*Asks:* 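I'd like to ask you about the structure that follows.
In the text below, chain A, chain B and the rest are named by the order of the sequence lines, each starting its count at 1. Just so you know, these numbers come straight off a predicted model, no measurement behind them.
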Amino acid sequence: MYDLKYLREHLDQIRTSLDRRGNDVPWTDIQKLSEERRAVTTQVEQFRYELNKGSEEVARLRRAKAPAEEAMAAMKQLRDRIKDAEEVLRNVEEALTEVALRIPNIPHVSVAVGADASGNVEVRRWGTMPSFSSPPKPHWEIGENLGILDFDRAAKIAGARFSVMTGAGARLERALINYMLDLHTTHHGYREVIPPLMVNRSSMTGTGQLPKFEEDLFRLRDEEYFLIPTAEVPVTNLHREEILSADHLPLRYTAYTPCFRREAGSYGKDTRGLIRLHQFNKVELVAFTTADRSYEELERLTGHAESVLQHLKLPYRVISLCTGDLGFSAAKTYDLEVWLPSQQQYREISSCSNFESFQARRASIKYRSTGGKKEAKSDFVHTLNGSGLAVGRTLVAILENFQQPDGSVEVPTVLRPYMGGMERIKKE
RNA sequence: GGAGAGGUGGCCGAGUGGCCGAAGGCAACGGUUUGCUAAACCGUCGUAGGGACAAAAUCUCUACCGAGGGUUCAAAUCCCUCCCUCUCCGCCA
């Protein structure tokens, strides 16, 4: 979100930039409200100035033991006018903030213009697709045959779009979490975090989920808590309303959390298996940088997510999302898509984005340079995040890509230490 | 859940109605001096919004002492509601 002053002064520029992505922003309302806000603000401040002067006058008269009734009466009237003007100002600012929070981020210049996912650009591919003598099975079939996935019981105890993993399946999920965390903390320089899984409204607003996407979130009935849809929310908000020291940047965090999503509006899509669930596990990467280094950081962070797939030997491709497919808060996004043999297509397994200062403005996350000269001016950080990776979908990819003719699944070498040395998952 | 205490500038901490955007200290930054991995002294030192200026520098006004209301000519200070933190008791993993 843009601060209201910046918004007023750069309205046309912002509007033009956002034409590159579809948007439904009420620009004329914003312009009108912005101007009204400025006018009313000036009026209120003028009144307050008079009031302050009048009050000082009263104080002076009283000290001099002179009668002050007349001045006091005048100020009393002025105060009523101030209250009216303030009421108007409050309403205008509220209305303006409400629409301002719904303005999406401006895409980076390197992002291709396009209306929808068909305009996305493939950046690169990695790995070789496995070949099969008979048609490869979908992961739910493999998992149920092995007795490590149980969707029937998941539906019984919770409902549709939930999963139960058991035995080697549960262990594989846990192995993936530990492997990813170890890789990112030990080799990629991230600091591990275990955050709350429920957060307040301010945090959700800070990272951009609210106010526009409330219907995508699970919310507690009696308390103002939301279940996190991604660890991006609590981890980015770690530094909400903070001013960071420039020598501590970049800050890099990784967090494993379950994620909770309503998946409203996805009826009929991916109804079977682990692809689209109300609850899934994810290892997230989050970075805070200065403006001049954030795109370098995006490449680096994307590379960190890719390295997980490479170590697991899972074929994938990297997609740069076009303007029409870009998320609300993102300026640029790379999606990592893993190959799923049963579907004969690539499916999203990670999404790595640079939000530039979009979230930092909403959440008020700044940095101040300490070294050097006197310019101790603070500025907004750039925030980034990416999945490193979605754990459930990684498990899907392993089951499908490494399925064997006898129905067993080969365990990727790097995971074996985390699986007690197990090389194959066989029917128990 | 019960009882109590408290939330002030980057940090600590004074301040119970006007001259308080806020003493003092620490930290930071600039400078002076001496010099030896430092001290002393001087100065600067919050954030945001409005206006003036072509713009920067600068000047000026307004707001902010957890948040939001209220009382008053005037609120960090009095009243109400909420949020958060701490202590003790209870309960609990």
*Asks:* Given the P atoms of B:G66 and B:U8, what is the spacing between them in whole Å?
*Replies:* 6 Å
*Asks:* Using whole Å, what does the distance between atom P of nucleotide B:C19 and atom NZ of A:Lys53 come to?
*Replies:* 12 Å
*Asks:* Taking only the C1' atom of each, what is the distance from B:A76 to B:G51 in whole angstrom?
*Replies:* 28 Å
*Asks:* Any chance you could lay out the side chain to side chain donor-acceptor pair (under 3.5 Å) test for A:Thr207 and A:Glu232, step after step, and finish with the verdict?
*Replies:* CA-CA 8 Å; A:Thr207 32; A:Glu232 159 197 348; 5.0 Å; no
*Asks:* Counting only side-chain N and O atoms of A:Asn52, is one of them less than 4.0 Å from OP1 or OP2 of B:U62?
*Replies:* yes
*Asks:* Taking only Lys NZ, Arg NE, NH1 and NH2, and the carboxylate oxygens of Asp or Glu, determine whether A:Arg60 and A:Glu57 approach each other closer than 4.0 Å.
*Replies:* yes
*Asks:* With the threshold set at 4.0 Å, does a side-chain nitrogen-carboxylate oxygen contact exist between A:Arg90 and A:Glu87?
*Replies:* yes
*Asks:* Identify all side-chain donor-acceptor contacts of residues 99-110 of chain A below 3.5 Å with residues at least two apart in sequence or on another chain.
*Replies:*
from     : atom 1 : to       : atom 2 : distance (Å)
A:Arg102 : NE     : A:Glu98  : OE2    : 2.9
A:Arg102 : NH2    : A:Glu98  : OE2    : 2.8
A:Asn105 : ND2    : A:Ser329 : O      : 2.9
A:Asn105 : ND2    : A:Phe355 : O      : 3.1
A:His108 : ND1    : A:Ser110 : N      : 3.2
A:His108 : ND1    : A:Ser110 : OG     : 2.7
A:Ser110 : OG     : A:Lys332 : NZ     : 2.7

*Asks:* Would you mind building the protein contact string for nucleotides 70-76 of chain B? One character per nucleotide, 5' to 3', B for base within reach (heavy atoms under 4.0 Å), S for sugar-phosphate only, - for untouched.
*Replies:* -SBBS--
*Asks:* Sticking with atom C1', work out how far B:A5 lies from B:G10, rounded to a whole angstrom.
*Replies:* 26 Å
*Asks:* Could you state the CZ-P distance from A:Arg240 to B:C84, rounded to the nearest angstrom?
*Replies:* 13 Å
*Asks:* To the nearest angstrom, how far is A:Glu241 atom CD from B:C83 atom P?
*Replies:* 18 Å
*Asks:* Quick check, are the ring centers of A:His382 and A:Phe358 under 6.0 angstrom apart?
*Replies:* no
*Asks:* Provide a list of protein-nucleic acid N or O atom pairs under 3.5 angstrom, restricted to nucleotides 20-23 of chain B.
*Replies:*
none

*Asks:* Between B:C11 and B:A27, how many Å separate the two P atoms, rounded to a whole number?
*Replies:* 16 Å
*Asks:* Rounding to the closest angstrom, what is the interatomic distance between B:C65 and B:G15 at atom C1'?
*Replies:* 10 Å
*Asks:* What do you reckon, are the aromatic ring centroids of A:His239 and A:Tyr253 less than 6.0 Å apart?
*Replies:* yes
*Asks:* Toss me the dot-bracket line for RNA chain B: Watson-Crick and G-U wobble, both under 3.5 Å, 5' to 3', using | for pairs to another strand and [ ] for crossers.
*Replies:* ((((((((.[[[..)..(.....]]].(((((.......))))).(((((((.....))))))).[[[[[..)....]]]]])))))))....
*Asks:* Let me check something: any side-chain donor-acceptor pairs from residues 277-284 of chain A under 3.5 Å, sequence neighbours excluded? List them with distances.
*Replies:*
from     : atom 1 : to       : atom 2 : distance (Å)
A:His278 : ND1    : A:Arg261 : O      : 2.8
A:His278 : ND1    : A:Arg262 : O      : 3.3
A:Asn281 : OD1    : A:Tyr256 : OH     : 3.2
A:Asn281 : ND2    : A:Glu173 : OE2    : 2.8
A:Lys282 : NZ     : A:Thr230 : OG1    : 2.8
A:Lys282 : NZ     : A:Glu284 : OE1    : 2.7

*Asks:* Polar atom pairs between nucleotides 49-51 of chain B and protein, under 3.5 Å, N or O only, would you list them?
*Replies:*
from  : atom 1 : to      : atom 2 : distance (Å)
B:G49 : N2     : A:Glu45 : OE1    : 3.0
B:G49 : N2     : A:Glu45 : OE2    : 3.2
B:G50 : OP1    : A:Arg8  : NH1    : 3.0
B:G50 : O2'    : A:Thr42 : OG1    : 3.2
B:G51 : OP1    : A:Arg38 : NE     : 3.2
B:G51 : OP1    : A:Arg38 : NH1    : 2.5

*Asks:* Do A:Lys366 and A:Glu242 meet the salt-bridge criterion of a basic N to acidic O distance under 4.0 Å?
*Replies:* no
*Asks:* Quantified in whole Å, what is the C1' atom distance between nucleotide B:C12 and nucleotide B:A22?
*Replies:* 16 Å
*Asks:* Counting the benzene-type ring for Trp, do A:Phe328 and A:Phe213 have ring centres under 6.0 Å apart?
*Replies:* yes
*Asks:* One thing to verify: whether A:Glu410 and A:Arg416 come together as a salt bridge, which I'm taking to mean a side-chain N less than 4.0 angstrom from a carboxylate O.
*Replies:* yes
*Asks:* Without decimals, in angstroms, what is the distance between A:Ile365 CD1 and B:G10 P?
*Replies:* 17 Å
*Asks:* Once you round it to whole Å, what is the distance between P of B:G68 and CD of A:Glu94?
*Replies:* 12 Å
*Asks:* Could you check whether A:Asp150 pairs with A:Arg153 (Lys NZ or Arg NE/NH1/NH2 to Asp/Glu carboxylate O, under 4.0 Å)?
*Replies:* yes
*Asks:* Would A:Arg276 and A:Glu263 pass as an ion pair if we require N to O under 4.0 Å?
*Replies:* yes
*Asks:* Whether A:Glu86 and A:Arg81 form a salt bridge (side-chain N of Lys/Arg under 4.0 Å from carboxylate O of Asp/Glu) is what I want to check.
*Replies:* no
*Asks:* In whole Å, I'd like the distance from the CZ atom of A:Phe380 to the P atom of B:U47.
*Replies:* 12 Å
*Asks:* Mind telling me whether A:His184 and A:His188 have parallel, tilted or perpendicular rings, with 30° and 60° as the class edges?
*Replies:* tilted
*Asks:* Answer yes when A:Asp270 and A:Arg347 have at least one side-chain N-carboxylate O distance shorter than 4.0 Å, and no when they do not.
*Replies:* yes
*Asks:* Please report the distance separating the P of B:U77 from the corresponding atom of B:G7, rounded so that it comes out in whole Å.
*Replies:* 12 Å
*Asks:* Expressed as a whole number of Å, how far does the P atom of B:G9 sit from that of B:U47?
*Replies:* 13 Å
